[in-house]
Number of protein chains: 2
Amino acid sequence: MADWHTTVTPPALARLLATARLPEPAAARRPAYRTLAEQIRLLVTEGRLPVGARLPAERELAAALELSRTTVATAYETLRGDGYLHSRRGAGSWTALPEGAPPPGDALHPVPPDEQGRTLDLGVAALPAPQPWLGDAAARAVEQLPCYASGHGHYPTGVPVLREAVARRYTERGLPTTPDQILITTGAMGGLHLLQRALVGRGDRVAVEAPSYAHTLQALRLTGARLVPVPYAYRPGPTGLAAPEGGPSAPEPITRRRADKSRLPEPRWDRQEWQRVLRGAAPRLAYVIPDFHNPTGVLIDEEQRRELLAAARAAGSIVLVDETTAELGWGVPESTPLPRPMAALDRSAQVVTVGSAGKLLWGGLRIGWVRAAPALVRRLASERVYSDVGTPVLDQLIAAELLGAPLPAVRAHQLARLRATAHAFAAALPAHLPGWSFPMPSGGLALWVSTGGLSGAALAHVGEHDGVRIASGNRFGSDGAFEHHIRIPLTVPAATVPAAVERLAVLAARAAAGGRLGPADGAQPLAV
Amino acid sequence: MADWHTTVTPPALARLLATARLPEPAAARRPAYRTLAEQIRLLVTEGRLPVGARLPAERELAAALELSRTTVATAYETLRGDGYLHSRRGAGSWTALPEGAPPPGDALHPVPPDEQGRTLDLGVAALPAPQPWLGDAAARAVEQLPCYASGHGHYPTGVPVLREAVARRYTERGLPTTPDQILITTGAMGGLHLLQRALVGRGDRVAVEAPSYAHTLQALRLTGARLVPVPYAYRPGPTGLAAPEGGPSAPEPITRRRADKSRLPEPRWDRQEWQRVLRGAAPRLAYVIPDFHNPTGVLIDEEQRRELLAAARAAGSIVLVDETTAELGWGVPESTPLPRPMAALDRSAQVVTVGSAGKLLWGGLRIGWVRAAPALVRRLASERVYSDVGTPVLDQLIAAELLGAPLPAVRAHQLARLRATAHAFAAALPAHLPGWSFPMPSGGLALWVSTGGLSGAALAHVGEHDGVRIASGNRFGSDGAFEHHIRIPLTVPAATVPAAVERLAVLAARAAAGGRLGPADGAQPLAV
């Protein structure tokens, strides 16, 4: 077989292994080779070690980890037996996925069921399509297809009706926009990919919120960017739309117990920390999700947006605003005005925005967009000729339909669903997992839950064997941060929430006890 | 405005300028600043100089080109006036596209009309959608949508019904294939993009046919690959399917006149040259288009395929086979068996194949695929989570429909159209442009035409002002090769061919005379 592997050096693997925490008590009982094998497997399944990466030779890794060569050799042999490693004499060993395994790093494939045949996918935060609106819009789009079918079907900037619909929607949201400022992309991720390739070079610094969206962080790492995480500040207060008080608030850990339900810690940008990072690191790019942030659901007010823009302007940084979740304010009363989009507050053309129909409409359409200066839109359109060329026509016509007259009904339908699930989790989690805590957001796709000291990676690891997929917190941070968090998606049906939380409680008990326990042990209290 | 430009060094720009040939007589009459401005503009509109590239300072470029600083300053000023350059004091100058200009490097946007309001787009080689089949398939796909709409709609490897349909089609073509060997991508270009990112590193050598597909060459350059072009050999003989004779044939220029129509030079791989390059350069990848090659239409026989595979295996090179045009054998009699796909002759898992529904079905569907070992398919699926995540569901359902029962009728319809246009060009070109020559292929999307010494870039340049878009030959080669070629697409309607060739003849006369001439001058003979 031809060779197509990239190499992980022994120190790089040692650093990664240090962040791959397994359930602690079990790790202590387990032989060293098994711990090493399980850690490497965890890194692969979580997408932190790429599939197809060449691992160090046994001798080198043994030296780097101060283990015996036999330990490393036995670990590699275990991984080979499970299908997570391929080896060839003279060519080395490289990571792999066993037959039928889902792609790592996300939950886009079916979860393997537990012994009773049950599955629970808490890995992906995406809603089903709104029906009957999607079907109706698709039927109308097919009627328009003949006009487009007589041409070659390539639209690098997007089909005009959708560019117009997206521009109109921005204008409705308080940001006057013309179609030539809009580039239609294959999902928001397609837009982020184009922007990263165009704007970020190897070694460039990129400031990111901590936590931030897992896939963007990983994509930036793959581009060779150096991530500079900027943690949230937390202060007591009502959630969401409150005007900020003067002066910076003292950092407070989000992991504290929900002792006073009415005064949960409210995360917000840490102004001083952002100013320090922008001034000190002068990053090429600041990547932020100010509207119902993923994973926390945080909504940033206009004053904080203005402060960040001023600091970024002074530093010469581009501000890349991810508005994928901007329309998901399920906890915001109709009468409450939302903060204006970042680009509406931008007087120096330093903001580039990415948006998506994937969360409000449907991920299966793969419709996203970039809003930028027309010159940058043209440049990105010219560069995508070397990646996806354009986004399919029919899906653009469907999205244009859905962003028109049906939008208010579609939006009400999807937000009601998120709201019901959020309230169901808020009721069930304190009852079954009293050691866990979370601030209740006013929008977004997920709850960002502190597991009260339990390792989220360990929980995910236990869940993997029990038909439950869990997004562990460290995927949303750098270098093992947020180990004691998980992201719980609000996209599961509300009716399934009580049973889901019961299963989470069983898994948490197992993880705290160090791995798999018999059913009778599931009832033991959390070790936190 | 924030800064997001990459820099072109003075020597790099000097090298590029040396390959940007303008109509010669005009260049001699023109002031130096105008020549320089026109050359830079040509490089931008042909996509050879990226949009948004920072150009050298005037003083530096003047030194590198041995021109006066005033000449460079006036050229930059001219480009600024035309919208091809933006400058800011202290920040430098960078290339741009004027308002309303098409993305460079391809003909995906409308051609600006000439004074009589006429346009002729010979830049893009893509058929309209086959109707009524596309509309019917779309309606059936919409009926299936409810089954998919209840899920999140993300399919990193592809919707199962399409993976199965593609695998079945490979099996029909003589290459047994299972769905887990198929990854559905956003167009063939989406597959090439994923493969390049996974397999090719900065500085890696990639052997390519010369000429080859323009966009892949440019995409490889952007990845940082070092291209090693391997020219075709030419020998007299019937076209297409003939068995190769023993021994290598002496290289013969494709540009020779069509003196003997029955014995046109037949391009084929140069075995000795491929062996020399694979042995000497040990490239990471060999990228080939063996089935009705773009732009030449060449079909490679099985013996040559086997020879290349053996040489690549010895060199340890991956063979990336582009089958985008594999179904387009419009000149092959039904009864003649086609050579088997390269992967069917591969005994050492070194072939990776890219295919597409974009040429036979419709480019607006953006459906392509990769055929590879299941382990590589899983790896690519895990990596696309950071680019397009997946391909839209509905287009996959439509493609699966069209690859089923309607395929023979759709294929016959599209091939008849290509065949009629090929014959129309073969009749009209010798009558109006007797100095031009081309081997008649047995399939593919285009004719690869030698312009008998006329610069293809100059022809494209003249055409740009006259409502005609032309794909000049040097976009299909490296470093200014194939200057005296153009690619003529077979995707225009046959009925429009006589008028198109008449306009080409007028343009050729103008280009030969050094640029724009009055209408009366259009009748003068070609200066070749």
Side-chain angles (χ1 to χ4, degrees), chain A residues 1-4 47 51-52 96-97 103-106 108 124 126 128-129 131 134-135 138-139 142 145-146 148-154 156 186-187 189-190 193 198-199 215 218-219 222 316-318 349-350 362-366 375 378-379 381-382 385-390 392-395, chain B residues 1-4 47 51-52 96-97 103-106 108 124 126 128-129 131 134-135 138-139 142 145-146 148-154 156 186-187 189-190 193 198-199 215 218-219 222 316-318 349-350 362-366 375 378-379 381-382 385-390 392-395:
Chain A
M1 190 161 82
D3 180 30
W4 52 52
V51 179
L97 284 173
D106 203 358
L108 300 178
V124 65
Q131 286 287 40
L134 176 72
V142 169
L145 200 52
Y148 295 88
S150 60
H152 49 56
H154 293 134
T186 307
M189 208 66 211
H193 181 64
L199 305 183
H215 287 169
Q218 184 67 3
L222 293 174
S317 303
I318 302 165
Q350 65 184 336
W362 190 41
L365 291 175
R366 313 294 323 119
R378 289 196 296 276
R379 179 178 162 203
S382 77
V385 172
Y386 312 111
S387 52
D388 66 354
V389 184
V393 171
L394 193 58
D395 307 84
Chain B
M1 191 161 81
D3 181 28
W4 52 52
V51 179
L97 284 173
D106 203 357
L108 300 179
V124 65
Q131 287 288 40
L134 176 72
V142 169
L145 200 52
Y148 295 88
S150 59
H152 49 54
H154 294 133
T186 307
M189 206 67 212
H193 180 63
L199 305 183
H215 287 168
Q218 183 67 4
L222 293 174
S317 302
I318 302 164
Q350 66 185 336
W362 189 41
L365 291 176
R366 310 296 322 119
R378 290 197 294 277
R379 178 176 163 204
S382 77
V385 172
Y386 312 113
S387 51
D388 66 354
V389 184
V393 171
L394 193 58
D395 308 84

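Letters A, B, ... mirror the listed sequences (proteins, then strands); counts begin at 1.
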*Heavy atoms only, distances under 4.5 angstrom: which of A/A129, A/A219, A/P392 has the most pairs with chain B? Name it, please.*
A/P392

*How long is the span from the CG atom in A/L199 to the CD1 atom in A/I318, to the nearest 0.5 Å?*
4.5 Å

*Per-residue contact mode, A/S150 against chain B (heavy atom under 4.5 angstrom)*: backbone

*Backbone N or O of A/A198 within a donor-acceptor pair of the A/R379 side chain at under 3.5 Å?*
yes

*May I ask you to decide if B/D388's main-chain N or O and A/R366's side chain share a donor-acceptor pair within less than 3.5 Å?*
yes

_Taking the ring of A/H193 and the ring of A/H215, is the distance between their centroids below 6.0 Å?_
no

_I'd like to verify something: which residue of A/G190, A/G187, A/A149 has the highest number of heavy-atom pairs under 4.5 Å with chain B?_
A/A149

*Pick whichever of B/A126, B/G135, B/G151 has the most heavy-atom pairs under 4.5 Å with chain A.*
B/G151

